[in-house]
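Encoded as structure tokens, the structure appears first; notes follow it.
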Amino acid sequence: MLTNSFIHIDGVGDIIERRIWAEGAQSWLDFLSAPPKFLSYPMVKQIYKELEKSMQALEEGDIYYFKRTLPTRYHWRLYPEFKDYICFFDIETTGLSAFQSHITTVACYDGKKTTTFVRDENLHDLPDHIKKYKVLSTFNGKMFDVPFVEQEMKIRLGQPNIDLMHVLKGLGYKGGLKACENKLGIGREELKGVDGRVAITLWQCFKETGNRDFLDTMLAYNVEDAVNLQRLLIICHNMRLEQYKTLEIDPIPETPKPECEYKINMDCLHLSIKKIPTYF
DNA sequence: GTAAAGATGCACGGATTGGG
DNA sequence: CCCAATCCGTGCATCTTTAC
């Protein structure tokens, strides 16, 4: 999809881009061999120049070129070309404010393997791990996960962050991660009716009792969230493609769900749900 | 070559939103 | 609970086309 994009070029908006596609140039290479007739000569020249830069940036894996030039609402287009350099991640914390609360666990999924980080154990390895990736993807991470990690770990995550909350909103889906998952048919049976607040009490129980079943239950939940982000992004990407009727690109195939190494313990889960304070 | 009309990009500001 | 990124509509700026 990135190699079909022209919207990152100065002077090209969504209308011009659609017209370029409709009049024969579906991709960068199409454009270079036969630019559409409706564009003025200076415009064609300007696009040639920028496409050269784009191709070089893609070859070098220069994600910051695309972060600069591609408007954020189109960052989902980065996925296919950068799918081997993306990290889907989700954090659990003791509360909403980065000033009064702290991170408890983090789950990262790169499309192949999941990596988890736990406070007081290996959380300090998170910065080196996450900095390796060129693209991040989260749900409401622009507001929550990224600033939280930056504040607490004293690092800066400058990579583009494909925030699925906004991608979904643009497609008409709103109402939180769980609601979106349910509407798209990828909701989770055993976690029905469970929301993020249980992560707080699961952590409290783990710390009070030392029983790792609480931690495992929490990590299972955390990993599931991170892994589902990939499915959501693929679904969103394909829905967007369908909206570009003049563009003939194959949708991304659904990827199989990886096995989770953490087990949900229903007793721990229910005990923690009961402990959620009513004043929330 | 020029000017007006038309097309479209883009800056601005207000409203909406969900994370544990 | 609380913050600020993004969306969306509006109006202005700029480029392109057309006609003479």
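Bear in mind that the values here come from a model prediction, so they are computed numbers and not experimental data.
Across the protein-nucleic acid pair, A:H166 atom NE2 and C:dC3 atom P stand 17 Å apart, rounded to whole Å. Regarding A:I20, its CD1 atom lies at a distance of 10 Å from the P atom of B:dG9, rounded to whole Å. Atom pair A:Y221:OH and B:dG20:P shows a separation of 6 Å (rounding to whole Å applied). Between A:I7 atom CD1 and B:dC10 atom C1' there is a gap of 12 Å when expressed in whole angstrom units. Rounded to whole Å, the distance from CZ on A:F144 to C1' on B:dG20 is 5 Å. Atom CD in A:E181 sits roughly 14 Å away from atom C1' in B:dG18 (whole-Å rounding). At whole-Å resolution of the value, CD1 in A:I16 and P in B:dC10 are 10 Å apart. One can place CD of A:Q100 at 19 Å from P of B:dG19, the figure rounded to the nearest angstrom.
At least one side-chain nitrogen or oxygen of A:K142 sits closer than 4.0 Å to the OP1 or OP2 atom of C:dT6.
Between A:E60 and A:K134 there is no salt bridge, since no side-chain N of the basic residue sits under 4.0 Å from a carboxylate O of the acidic one. Salt bridge annotation for A:K275-A:E208: present, with a cationic side-chain nitrogen under 4.0 angstrom from a carboxylate oxygen. A salt bridge does not link A:E92 with A:R119: every distance from a Lys NZ or Arg NE/NH1/NH2 to an Asp or Glu carboxylate oxygen is 4.0 Å or more.
Both A:L96 and A:R19 lie near DNA chain B, and the one whose nearest nucleotide falls closer to the 5' end is A:R19. Map A:D163 and A:M143 each onto its nearest nucleotide of DNA chain C; the residue landing nearer the 5' end is A:M143. Heavy-atom nearest nucleotides on DNA chain B were determined for A:G95 and for A:I9, and the one closer to the 5' end corresponds to A:I9.
Looking at heavy-atom distances under 4.0 Å, A:M165 makes contact with sugar-phosphate atoms alone, never a base. Among the atoms of the strands shown, only primed sugar atoms or phosphate atoms (P, OP1, OP2) are found under 4.0 Å from some heavy atom of A:F139. Within 4.0 Å of A:D90, counting heavy atoms only, lie sugar-phosphate atoms of the nucleic acid but no base atom.
Judged by distance alone, the side chain of A:D163 and the main-chain N or O of A:G141 form a donor-acceptor pair under 3.5 Å.
The A:R73 side chain lies nearest to C:dC7 when the options are C:dC7, B:dG9, B:dG19. For A:K169, counting side-chain heavy atoms from C-beta on, the closest listed nucleotide (B:dT16, B:dG20, C:dC3) is B:dT16.
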#### Entry: Derivation and outcome, side-chain contact (heavy atoms from CB on, under 4.5 Å), residues A:I63 and A:Y65
CA-CA 5 Å; A:I63 192 64; A:Y65 167 82; over 6 Å; no

